[in-house]
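Heads up: the structure comes next, in structure tokens.
The first residue of the sequence shown is numbered 1, and numbering continues consecutively from there. No hydrogens, no waters, no symmetry mates; every other heavy atom, side chains included, goes into these values.
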Amino acid sequence: MRPGLPPLEWWKDLPGVNMRIFIFNVTNPEEFLKGDQVLKLKEVGPIVYQERVINTDITFHPENDTMSYTAVHSSEFLEQENIPGILNQTIIVPNLSILAMASRLNNAPFFMKIGFNMLLRRSNDTLFQKTTIYKYLWEMDGNLMKLGEKLVPFMVPLDNYGVLHTMYKDPTDRVNVKIGTASGHENFFKINFFNHRPTVPGYRSERGDCFASIENSTEGSFYPQRLTNQSVLKYWRKTICRPTDLYYKEDLTDQGIPGMKFVLPGNVFDRTEPRDQDCYRGEDESDYPDGLSDASKCYHGFPIVISNPHFLNRTGEWVEKLEGINPQQDIHEGFAIVEPYTGIPLRACARTQSNIFVNKLSGYSNDDLMKFSGMVVPMIWGDICITEIPKLVRWLTFFVVVVVPTLQPIGTALAYIMGPLMIFFAVRRLRKSKIYTPIEIVHHHDDELAKLPKTAKIRLIHIYDLHIINRVIHTQIMRRSIVVFLTIGLILLASGVMSFGVSARDMALDELLRMRPSLPPYNWWKNPPPIIRLRLFIFEATNPVEFLRGDEALKMREIGPIVYREHVVHENITFHPENNTLSFTAVRSVEFLEKENEPGILNKTVIVPNVAILGMASQLADSPFLMKIAFNMLLRKSNDTIFLNTTIYKILWEMDGNLLRLGEKIVPFMVPMDNYGILYTIYKESADRQNVKIGLANGHENFFKINFFNHRQTVPGFYPERGDCSASIVNSTEGLLYPQNLTSESAISYWRKAICRPATLYYSEEVSMGGLYGKKYVLPENSFDRTEPLNKDCYRGKDGSEYPNGLSDASKCYYGFPIVMSKPHFLSRSGKWCNKLDGMNPREEDHGSFIIAEPNTGVPLRECARAQANIFVKKLSGFSNDDLMKFSEMVVPMMWIEYCMLELTPIIKLALRLIVIYLEPLQLITSVVFIAIGFTLLLLVLKYFKPKKYAFIKTDSNMPK
């Protein structure tokens with residue numbers, strides 16, 4: 001896969017492949033609801049799209065013979081290959097949102113189902129929807145979804161469940177594959193990591209999920225080389241939420257190229273043994289039958305199951321409730337025809353069907369819904385087919401696997417014949433050739449000299465050597481010396497004069513903008529020295545019993561600091577010269593600093609409010625009354641208390657509780673995480689893909705400003721396409737490098753994922769640090785205040801219940817939990833919520849955030865980012881736990897955190913001094929020296945190197961003239 005060669009260039013921008021969609025239209029909706037035992041289906045389609053895949057941000061890793069890239073998928077409707085107006089055609093389909101939510105809630109407490117029944121009645125949605133094909137594919141919603149999103153948002157993970165919208169809403173994936181001779185032909189292009197993990201998206205082994213490995217699968221653009229009839233192809237497609245194995249079936253020829261056909265076996269979606277290692281079996285104790293594969297992890301927990309189209313080879317008992325299922329091997333079987341030597345697919349079709357699995361329902365009052373109990377409801381099936389590879393690729397493949405093997409023996413035979421013949425004729429010609437001495441050459445080329453006696457010839461040579469040649473050489477040396485001195489003098493003189501018009505500092509800054517891999521700034525940035533200190537301070541409650549008995553204020557005491565060192569490594573670095581940007585993956589980790597902490601601090605016991613209870617109660621504050629009753633039951637059953645007595649280590653890394661465990665088991669959609677340890681939550685997704693501005697074209701003022709963060713221009717969790725506020729992250733920076741040529745008018749937009757927003761710092765003063773002058777920028781008092789117009793303030797909280805000044809909504813980054821960020825100890829914004837808190841002591845020098853940056857280079861000399869995480873508890877009602885009600889309308893501090901870089905390494909400080917302080921004086925001195933030396937050399941040339949005349953001297957009268 002060498003850059004510049006056809007295989008890589010072809011793979012970077014793959015030709016489009018046709019994707020055909022077939023929708024199952026219901027032909028007897030009324031009859032089925034009135035008592036028909038069978039749901040009659042009619043296949044509508046195909047609806048033909050073309051899928052394009054562009055592979056960008058390509059990075060080679062020679063240290064382990066792998067390659068990383070970002071695959072970007074898109075689809076385009078093919079007007080000419082579809083029936084005119086097909087997207088506007090009306091169809092009748094089951095209401096997927098009702099069936100999915102009912103199936104998810106089937107094992108939930110009875111009161112949860114009553115709440116769902118109330119929502120369903122209030123929504124007026126029916127069990128069948130009459131809609132257009134376009135809406136079904138791209139814009140599917142319903143009143144139930146809208147109502148649920150408003151009242152119980154944690155139950156509605158998406159507000160648009162259009163089939164193709166769901167498939168393509170996250171179109172970019174980061175992939176790492178094996179390449180190179182070290183990995184071997186049999187491992188070529190096999191996947192190591194998909195979106196930085198070795199498992200199928202949605203599976204987290206660290207939280208107890210099955211280890212659904214994706215390793216050694218391939219996306220189908222290339223397969224391993226040198227395949228045999230014993231080889232097994234492992235095909236991966238994100239939309240089916242699993243890899244699938246294809247097995248050898250037969251040899252065949254495709255347009256003159258030999259190929260091997262591999263097919264999807266009939267048992268591909270069956271259960272496997274041991275059962276606990278079958279990651280696609282569904283929930284424990286309710287395993288799906290053979291022929292169905294659980295895909296819920298990839299679809300927000302919705303009960304999606306994947307099968308072969310029309311349940312090919314596996315028509316279980318669920319098919320008895322369906323009419324119109326007609327499996328055919330030639331139409332519905334998945335296959336790949338691969339050229340075995342190169343691994344290039346000649347033809348291939350991936351075919352699967354998506355279905356809703358409805359559990360056996362109970363406790364629902366809607367009779368129409370109960371008709372679907374225990375059913376598998378087909379939604380769509382589709383195929384993505386490679387029917388023809390590009391002519392150039394086909395020709396090259398034909399040449400490599402057919403032409404070259406044919407010509408190789410012919411060429412070998414010719415080499416065996418022609419080689420000896422050429423040696424024979426060369427030896428023969430050499431034997432006929434004569435080698436002449438220098439005197440013989442003179443003899444053959446000068447008839448007059450040839451007539452002289454031998455002694456005269458020898459004497460002639462000596463005379464030339466002693467008299468003429470010596471003088472010629474001397475003359476040539478003198479002339480060359482003149483040229484050398486003259487050239488050096490002119491160059492030094494010109495360089496000295498020209499350097500007065502050029503700034504060496506500006507040239508160095510321009511070079512920094514380019515971020516050349518061979519220069520120190522790039523290497524320092526790629527592997528930054530570990531100079532970032534992370535300090536945490538936890539708020540402990542000192543009067544938990546008294547507060548619950550009636551104290552008006554919750555007394556808090558600051559525990560800390562707990563000190564860590566943060567490590568940052570930048571990987572998968574890709575330059576984009578076409579738009580002067582740089583893409584990279586920032587990987588962060590932390591290391592506990594034993595020597596800088598109080599001995600045994602991690603094992604210290606503290607008393608803190610139960611964040612899980614407060615967060616879930618606040619989430620449910622506006623939910624229907626029955627939802628609150630269900631929560632009350634869960635809380636009582638869990639035996640969790642409103643205050644926790646736990647260790648600092650658990651607060652940071654292993655925080656859970658009985659309520660979370662119980663909720664995860666009964667209502668998993670209400671529990672997006674089973675571990676809410678502070679540092680665990682911050683660092684569990686430690687790798688982020690970024691794209692930043694570099695180069696002269698973007699200018700000094702835009703250097704290293706962010707364009708994209710994880711392939712989006714908004715703060716994680718904000719999706720403007722689904723109606724969220726456009727919380728832009730563009731032009732912010734993470735703090736390792738800032739824009740150059742900073743002034744007192746500059747404003748620095750600082751981004752840190754942990755605080756879930758960019759924050760703008762403004763100029764305060766000039767300071768001196770170790771002989772370097774820097775400009776200090778500080779976070780203003782109103783940084784977390786509301787802004788006008790209010791509807792464009794993305795951190796205000798929900799409409800109608802906006803947070804007060806000083807608090808910033810961070811729930812989008814924390815699974816919808818009501819986390820709000822503030823300055824530590826509510827610095828400069830102590831709102832009325834502080835009346836219920838005792839122990840807040842804000843001080844600017846301890847709790848303010850600042851950046852001191854060297855203004856020319858944008859390199860930070862010292863910086864501290866400080867923020868506090870709090871739980872915002874809404875006004876509570878309808879909860880039976882009196883202890884919980886004490887926290888109504890409170891802002892409960894959890895901890896505050898500080899990221900500080902207090903001093904640069906000596907080598908970086910030396911480089912900065914060189915550029916900022918010494919470079920221009922050195923340039924002036926060097927310019928003067930160059931001019932002086934150049935002028936001196938020119939004078940020497942004029943004074944000493946004068947031209948001289950030389951004459952030939954006749955030394956022997958017998959010599960010929």
Side-chain angles (χ1 to χ4, degrees), residues 17-33 36-51 75 77-79 81-96 99 127-138 140 161-167 237 239-240 264 266 268-269 291-293 295 304-335 349-358 372 375-385 387:
V17 295
N18 280 7
M19 175 175 65
R20 303 190 309 159
I21 303 294
F22 299 84
I23 298 171
F24 289 100
N25 181 46
V26 178
T27 60
N28 68 331
E30 295 181 3
E31 294 81 358
F32 177 76
L33 297 180
D36 273 8
Q37 296 299 312
V38 175
L39 184 65
K40 296 179 180 180
L41 305 171
K42 182 180 179 181
E43 187 180 277
V44 177
I47 303 100
V48 186
Y49 286 80
Q50 185 181 76
E51 184 183 68
S75 63
F77 182 71
L78 299 181
E79 195 78 44
E81 297 194 23
N82 283 279
I83 299 172
I86 192 170
L87 290 182
N88 295 320
Q89 184 176 328
T90 301
I91 55 174
I92 297 175
V93 291
N95 192 315
L96 304 180
L99 296 180
L127 263 294
F128 288 101
Q129 288 179 296
K130 188 174 183 180
T131 186
T132 65
I133 288 177
Y134 176 81
K135 284 194 171 184
Y136 189 67
L137 296 180
W138 293 105
M140 204 62 174
Y161 55 96
V163 176
L164 293 186
H165 170 81
T166 305
M167 288 170 56
R237 177 86 186 178
T239 52
I240 66 174
L264 213 59
V268 63
F269 297 127
L292 302 178
S293 178
I304 305 293
V305 291
I306 302 297
S307 69
N308 280 325
H310 286 253
F311 305 111
L312 176 68
N313 301 317
R314 287 295 181 272
T315 52
E317 63 179 7
W318 64 83
V319 180
E320 297 174 2
K321 290 187 176 184
L322 303 172
E323 184 179 304
I325 303 301
N326 303 303
Q328 300 176 53
Q329 198 80 22
D330 55 336
I331 298 176
H332 301 135
E333 181 183 61
F335 69 89
C349 273
R351 294 163 170 156
T352 54
Q353 179 172 304
S354 296
N355 316 270
I356 289 285
F357 187 92
V358 185
F372 289 89
M375 285 187 66
V376 178
V377 183
M379 299 157 47
I380 62 147
W381 77 269
D383 66 12
I384 298 179
C385 290
T387 56

Worksheet item: Cut-off 3.5 Å, side chains only: do Q353 and N355 have a donor facing an acceptor?
Response: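 Checked: Q353/N355 side chains pair up, N/O donor to acceptor below 3.5 Å.
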
Item to complete: Would you tell me whether N18 and T387 have side-chain atoms, one donor and one acceptor, within less than 3.5 Å of each other?
Response: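 Side chains of N18 and T387: no pair found under 3.5 Å.
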
Over all heavy atoms of both residues, which pair between [X] and [Y] is shortest? Give the atoms and the distance, please.
{"X": "P94", "Y": "V377", "answer": "CG-CG1, 3.5 Å"}
{"X": "I304", "Y": "I356", "answer": "CD1-CD1, 3.5 Å"}
{"X": "P309", "Y": "R351", "answer": "CD-O, 3.6 Å"}

[Y] side chain reached by [X] side chain, heavy atoms, under 4.5 Å:
{"X": "L33", "Y": "F128", "answer": "yes"}
{"X": "L322", "Y": "P378", "answer": "yes"}
{"X": "I325", "Y": "P327", "answer": "yes"}
{"X": "M19", "Y": "I21", "answer": "yes"}
{"X": "Y136", "Y": "L96", "answer": "yes"}
{"X": "K321", "Y": "L39", "answer": "no"}
{"X": "L137", "Y": "Y49", "answer": "yes"}
{"X": "L312", "Y": "E333", "answer": "yes"}

Using modelled atom types and a 3.5 Å cut-off, is there a donor and acceptor pairing between side-chain atoms of [X] and backbone atoms of [Y]?
{"X": "N82", "Y": "V48", "result": "yes"}
{"X": "N25", "Y": "I92", "result": "yes"}
{"X": "N28", "Y": "K40", "result": "yes"}

Item to complete: Taking side-chain hydrogen bond (donor to acceptor under 3.5 Å, both in side chains) as the test, write out the residues that go with E43, two or more places apart.
Response: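 H310, W381.
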
To the nearest 0.5 Å, tell me how far [X] [atom1] sits from [Y] [atom2].
{"X": "F311", "Y": "L292", "atom1": "CZ", "atom2": "CG", "answer": "6.5 Å"}
{"X": "S307", "Y": "F357", "atom1": "OG", "atom2": "CZ", "answer": "12.0 Å"}
{"X": "Q89", "Y": "I133", "atom1": "CD", "atom2": "CD1", "answer": "4.5 Å"}
{"X": "E323", "Y": "Q37", "atom1": "CD", "atom2": "CD", "answer": "12.5 Å"}
{"X": "I47", "Y": "I86", "atom1": "CD1", "atom2": "CD1", "answer": "4.5 Å"}

Worksheet item: Which residues satisfy the ring pair (Phe, Tyr, Trp, His ring centres under 6.0 Å) test with F335, sequence neighbours excluded?
Response: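 Expected list: none.
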
Item to complete: Report the C-alpha separation of F32 and F372 in whole Å, then their side-chain angles, then the decisive distance to 0.1 Å, and conclude whether the ring pair (Phe, Tyr, Trp, His ring centres under 6.0 Å) test is met.
Response: CA-CA 10 Å; F32 177 76; F372 289 89; 5.3 Å; yes

Discussion item. Please evaluate residues S293 and V305 with respect to the criterion side-chain contact (heavy atoms from CB on, under 4.5 Å), reporting the C-alpha separation (whole Å), side-chain torsions for both, the decisive distance (0.1 Å), and the verdict.
Written reply: CA-CA 5 Å; S293 178; V305 291; over 6 Å; no

Worksheet item: Run the side-chain contact (heavy atoms from CB on, under 4.5 Å) check on I91 and T131 step by step: do they pass?
Response: CA-CA 6 Å; I91 55 174; T131 186; 4.2 Å; yes

Worksheet entry | E51: salt bridge (charged side-chain N to carboxylate O under 4.0 Å, His left out) partners, not counting sequence neighbours |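 Salt bridge (charged side-chain N to carboxylate O under 4.0 Å, His left out) check on E51 returns R237.
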
